[in-house]
Protein chains: 2
Amino acid sequence: MFPELTAHIRKFTSLPEGAEAILADYLEVRTCRKKDFLLKAGQVCNGNYFIIKGCCRSFMITEKDTELINHFAIEYWWITDYFSLESQRPSEYSIQAIEDTECVVLYRNCQDALFEKLPELERYFRIISQKALAAALQRVTYIFMHSGEERYEHFRQSFPEFVQRVPQYMLASYLGFTPEFLSKIRAKRNG
Amino acid sequence: MFPELTAHIRKFTSLPEGAEAILADYLEVRTCRKKDFLLKAGQVCNGNYFIIKGCCRSFMITEKDTELINHFAIEYWWITDYFSLESQRPSEYSIQAIEDTECVVLYRNCQDALFEKLPELERYFRIISQKALAAALQRVTYIFMHSGEERYEHFRQSFPEFVQRVPQYMLASYLGFTPEFLSKIRAKRNG
DNA sequence: ATGATTTCTTGAACTAGTTCAAGAAAAGTA
DNA sequence: TACTTTTCTTGAACTAGTTCAAGAAATCAT
């Protein structure tokens, strides 16, 4: 049974009696240690991961051989590569635990059957995808409207606990500048 | 009846007999002239717009009082602000026709009733939202990995007809740099 | 056609952020 | 405790892209 997940679903849509049992039939728990991969670039993404405890990142390797972080996921967020998941083609992204992590997995090869048994999930995933889409579009706008320093300050104030949780160089990557630059921003603030 | 839209839906999910008639009950056609607004910043967004013919942009006004384009939509794309649409709070974005445009509107106050009659639409919107989400996340990665000049070249090669269709300064805004800089890129290319 | 508006161009001075390289600090492991 | 790995800092030289200002070219409306 997955109380965190069912609670999350019920925030967005209703579920029939017995939904928990159906979910339990189709979902799995997966635990992984810090640095383990849920997906490696080049593989086909075969699951959608709902984090119960821990933190993961999705990233890509650039031409210059540096990591570029696309997305973080913490408790009660889903993480996957929807391109690869739906097209079943190799992913350009890797998904890696950056803390010891426990998550619920919806594997792609169970998804259609589960959605048939529990059609409310179409609605749930529609709504959370639309929210995530609006957020991703807003992120682009935000990036273009603000300097790196402003983006860092905003992120720090919005997610203070999270800033403590991840290495600074990952934050820099997610915010779209170099770790050196982030270090200089911090020096300026504290100095 | 909305042949373009039903064809689009059927690319992603099946529809029952009679779906066209139900859609016709719940959807409206709206035409607007170049420069008309489908949504003005400050208003609550009350519809989701599927473009049949024409082109719209969604944009925001920055602190410096310049426009920042978030999104374009051409034939067979949906455009809306999902944040405002779902929360029914005022939008920060404006949506404006940049050509004379004809679109199918799903108004927010019809949406739930329509989805109840035609639950396949939950699936349709789930799938297209997930695709759009993956694209938006990839866009951020792309922005961080490439220079303005590279982004312009890539866009030009990916959507050559579209580059002809919109003013250069809107393209510059969408790609995240100034119109002057775009002009300089073009000068360099041509000669 | 003509004037008004919208869009595009060019140059010079400037700034936010990068790159490279080296070392310091912190955290993990034995 | 000490050793290794990971993460963070600092400075100097550099570059991609901005800003401002002015004018040129297109396009639109009458």
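Everything numeric here is computed off the predicted structure, so don't read it as measured data. Letters A, B, ... are given to chains in the order of the sequence lines, protein chains preceding strands, and every chain is numbered from 1.
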Of the listed nucleotides (C:dC20, D:dA12, D:dC8), which one gets closest to any side-chain atom of A:Lys184?
D:dA12

Give the rounded distance in Å between these two atoms: CG of B:Leu182 and P of D:dT18.
10 Å

D:dG17 C1' sits how many Å from B:Lys64 NZ, rounded?
12 Å

For A:Arg33 and A:Ala97, indicate whether the former's side chain and the latter's backbone hold a donor-acceptor pair under 3.5 Å.
no

Distance check needed: C:dA27 C1' versus A:Gln164 CD, whole Å only.
16 Å

Can you tell me which nucleotide in C:dT10, D:dC8, D:dT18 comes closest to the side chain of A:Arg186?
D:dC8

In whole angstrom, give the distance that lies between atom CD of B:Glu149 and atom C1' of D:dG17.
11 Å

Closest-nucleotide 5' rank along DNA chain D - winner of B:Lys34 and B:Phe181
B:Phe181

Output the rounded distance in Å from CE (A:Met145) to C1' (D:dT18).
16 Å

Rounded to the Å, how far apart are B:Leu171 CG and C:dC8 C1'?
13 Å

Compare the minimum distances between each of D:dG17, C:dC8, C:dA16 and the side chain of B:Gln168, then state the nucleotide with the smallest one.
C:dC8

In whole angstrom, what separates A:Phe177's CZ from C:dT19's P?
14 Å

Which of these nucleotides, D:dC8, C:dC8, C:dT10, is closest to any side-chain atom of B:Glu180?
C:dT10

Among D:dG17, D:dT7, C:dT10, the one nearest B:Ala187 by side-chain distance:
C:dT10

Can you find a side chain N or O atom of A:Lys35 that sits less than 4.0 Å from OP1 or OP2 on D:dT6?
yes

Check this for me, if you would: do A:Arg108 and A:Glu86 make a salt bridge, where the nitrogen-to-carboxylate-oxygen distance has to be below 4.0 angstrom?
yes

For B:Glu153, is there an ion pair with B:Arg189 - N to carboxylate O distance below 4.0 angstrom?
yes

From C-beta outward on A:Ser183, which listed nucleotide comes closest to its side chain: D:dT6, D:dT9, C:dT9?
D:dT9

Taking C:dG17, D:dT19, D:dG17 as options, the one with an atom nearest any side-chain atom of B:Thr178 is D:dT19

Show me the donor-acceptor pairs within less than 3.5 Å that the side chains of residues 174-183 of chain B make with the rest of the protein, sequence neighbours left out.
{"residue": "B:Thr178", "atom": "OG1", "partner": "B:Phe181", "partner atom": "N", "Å": "3.2"}

Which nucleotide in the set D:dT7, C:dG17, D:dG17 lies at the smallest distance from any side-chain heavy atom of A:Tyr169?
D:dT7

Could you verify whether a donor N or O on one side chain and an acceptor N or O on the other, from B:Tyr82 and B:Asn48, lie under 3.5 Å apart?
yes

Between P of D:dA29 and CZ of B:Arg33, the distance in whole Å:
8 Å

